[in-house]
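The structure appears below as structure tokens.
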There are 2 protein chains.
Amino acid sequence: MAEDYVELIAELIESRGEARPVEIAERFGVKPPTVTKNISRLKAAGLVRREPYRAIFLTDAGQELAEACRRRHRIVVAFLLSLGIDEETAERDAEGIEHHVSETTLKAFEQALVPSQSDT
Amino acid sequence: MAEDYVELIAELIESRGEARPVEIAERFGVKPPTVTKNISRLKAAGLVRREPYRAIFLTDAGQELAEACRRRHRIVVAFLLSLGIDEETAERDAEGIEHHVSETTLKAFEQALVPSQSDT
DNA sequence: GGCAAAAGTTAGACATGGCTAAGTTTTCTA
DNA sequence: TAGAAAACTTAGCCATGTCTAACTTTTGCC
């Protein structure tokens, strides 16, 4: 859960300047109270900074985690695309796969990617 | 959960003739009460047949699900191996990945496999 | 500036999947 | 064949992640 949340929060801050519970709820297809509860767990875990009724921001730890997650996500998606999978499916499957690939497998994905495109 | 369980139960029945809670607990690294509880859920879901204190067997539905899971598992593992990943990592990662790959991605994995080896 | 709508929170319920402690059943073996 | 060991179950606890209903705060607009 934490990984998906910090990843999305980082994206929202980048594209919108701030991350709001209502957008998180929409993106994950859950209800607002679920987001509130999960955000407070993230706060307890030291991953986000936040005051009630205010936007959500990442701590340094949160930013590091988000960056690691986004890197994995990028690699997995690029790899699936390189296999000829359509974008929508690649995104959807990557979402599930990215939390389960070891660094070893990630490296192998990157390797297999090099011949076709120079991404990272 | 159900998928992992029926998959393992099928394997145990094949290799041992029956599936016992104690072996399931060991393989999943959980305690026996957890297995008891989960098995009763599988029973409620119509996937296994079972009397208290006896071995566990799959219903027809359970066998079908197990077969589908084992196929996916086989494909994912073969694919990871074809990427040059070591067996242990391939097995471990496949365990996590197999529940998140769409049929589309699975097909792509199979496709990408053909040039190197004829498995399936 | 005040009120309605939107956003967010709190409280309380439920399902899943894990645990320990304690009891029961089955199996093994002396 | 009895008693000990192993296997299994029950009961009750906890954390996670979801929900609805009801309430509070903030925002936006007339």
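Values below: all heavy atoms of this structure, side chains included; hydrogens, waters and symmetry mates excluded. Letters go in sequence order (proteins before strands), and every chain restarts at 1.
Distance A:Lys31 NZ to C:dA13 C1': 17 Å, rounded to the nearest Å. As rounded to whole Å, 18 Å separates atom C1' of D:dT18 from atom CD of A:Glu26. Distance A:Glu3 CD to D:dG17 C1': 16 Å, rounded to the nearest Å. Atom NZ of B:Lys37 and atom P of C:dG18 are 10 Å apart (whole Å). Computed from coordinates, the B:Phe28 CZ to C:dG18 C1' distance equals 14 Å when rounded to whole Å.
Heavy atoms of other residues, nucleotides or ligands lying less than 6.0 angstrom from CD of A:Glu88 number 12 at most. Heavy atoms from other residues, nucleotides or ligands lying under 6.0 Å from CD of B:Glu87 number 12 at most.
In plain terms, the two heavy atoms of B:Arg72 and B:Glu98 that are nearest each other are NH1-O, 3.2 Å. For the pair B:Ile39 and B:Val48, the tightest heavy-atom approach, listed with the atom from each and the gap, is O-CG2, 3.9 Å.
Going from atom CG of B:Asn38 over to atom CE of B:Met1 covers 4.0 Å, rounded to the nearest 0.5 Å.
Within the 3.5 Å criterion, the main-chain N or O of B:Arg49 finds no donor-acceptor partner in the side chain of B:Thr59. The backbone N or O of A:Val101 lies less than 3.5 Å from no partner atom in the side chain of B:Asp93, so there is not a single donor-acceptor pair.
Across residues 38-48 of chain A, not one residue has a non-hydrogen atom less than 4.0 Å from an atom of DNA chain C.
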Would you mind writing out the side-chain donor-acceptor pairs for residues 23-32 of chain B within the sub-3.5 Å range, not counting sequence neighbours?
{"from": "B:Glu23", "atom 1": "OE1", "to": "B:Arg16", "atom 2": "NE", "distance (Å)": "3.1"}
{"from": "B:Glu23", "atom 1": "OE1", "to": "B:Arg16", "atom 2": "NH2", "distance (Å)": "2.8"}
{"from": "B:Arg27", "atom 1": "NH2", "to": "B:Glu11", "atom 2": "OE1", "distance (Å)": "2.8"}

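Put simply, B:Thr34 has a side-chain N or O that comes within less than 4.0 Å of OP1 or OP2 on C:dC19.
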Nucleotides 3-8 of chain D: which of its N/O atoms have a protein N/O under 3.5 Å away?
{"from": "D:dC8", "atom 1": "OP1", "to": "B:Arg20", "atom 2": "NH1", "distance (Å)": "3.1"}
{"from": "D:dC8", "atom 1": "OP2", "to": "B:Val22", "atom 2": "N", "distance (Å)": "2.7"}

